[in-house]
Structure formats: C-alpha cells, structure tokens
Amino acid sequence: MSQTEYVSPEKCPLCNQANFCGNLSNDDSKPCWCMDDNISFPGELLQLVPSEAQGKACICKACAQKFQQVKAL
Ligand SMILES: [Zn+2]
C-alpha cells in the first residue's frame, strides 16, 4: 500500500487533519469556511500542497490561518 497514491478529500494535505470542507457535506445551506472573506489561499500556500493532492483535497482552516499569520509577521 502506497500512501501517496490515494488522496483523501476530507483531509488537509499539509497536516493530514480533517479539513472540514463544507463543500463535501450534503448541507447546501452552510457554505464552507473557506468562503469566509477573512480566509485566503494565496498561490504560495497552494504551492505547498503536494501535486497529487492539488485539486483533490482542501487545505484546512488551521493551516490557512497559520500561513496568514506567518506572512503577517
Ligand atoms: Zn491543515
């Protein structure tokens, strides 16, 4: 079993924790947290995602915020 061949869409590709992406849930009334105006996904952050996970798994809120804080310092 290779760990790199299967990418779980529910897990953050950066920290491997649940990303809680609202787009995966069946509840259409709740937009994903990633639609929040305070959250952004700059190209630099997206480049940290392994190529096999790009377009498949979402980055989690914690990693997005951590990246923003590092950039803000
Ligand atoms: Zn993460």
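Just the heavy atoms: all of them, side chains too, but no hydrogens, waters or symmetry mates, feed the values below. Whatever order the structure lists them in is the order used to number ligands and atoms, beginning at 1.
Looking at Asn19, its side chain does come within 3.5 Å of a backbone N or O of Pro9 through a donor-acceptor pair. At distances below 3.5 Å, at least one donor-acceptor pair connects side-chain atoms of Trp33 with backbone N or O atoms of Phe20.
Here the shortest heavy-atom pairing between Cys63 and Cys12 reads SG-SG, 3.8 Å.
One finds the SG atom of Cys60 at 7.5 Å from the NZ atom of Lys66 (value rounded to the nearest 0.5 Å).
By the side-chain hydrogen bond (donor to acceptor under 3.5 Å, both in side chains) test, Asp37 pairs with no residue at all, sequence neighbours left out.
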Using atom types as modelled, flag every donor-acceptor pair under 3.5 Å from a side chain in residues 38-51 to any protein atom, sequence neighbours excluded.
from: Asn38; atom 1: ND2; to: Asp36; atom 2: OD1; distance (Å): 3.4
from: Ser40; atom 1: OG; to: Gln68; atom 2: NE2; distance (Å): 2.9
from: Glu44; atom 1: OE1; to: Lys71; atom 2: NZ; distance (Å): 2.8

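Screening the protein for N, O or S atoms under 2.8 Å from the Zn ion (ligand 1) yields 4; no waters enter the count.
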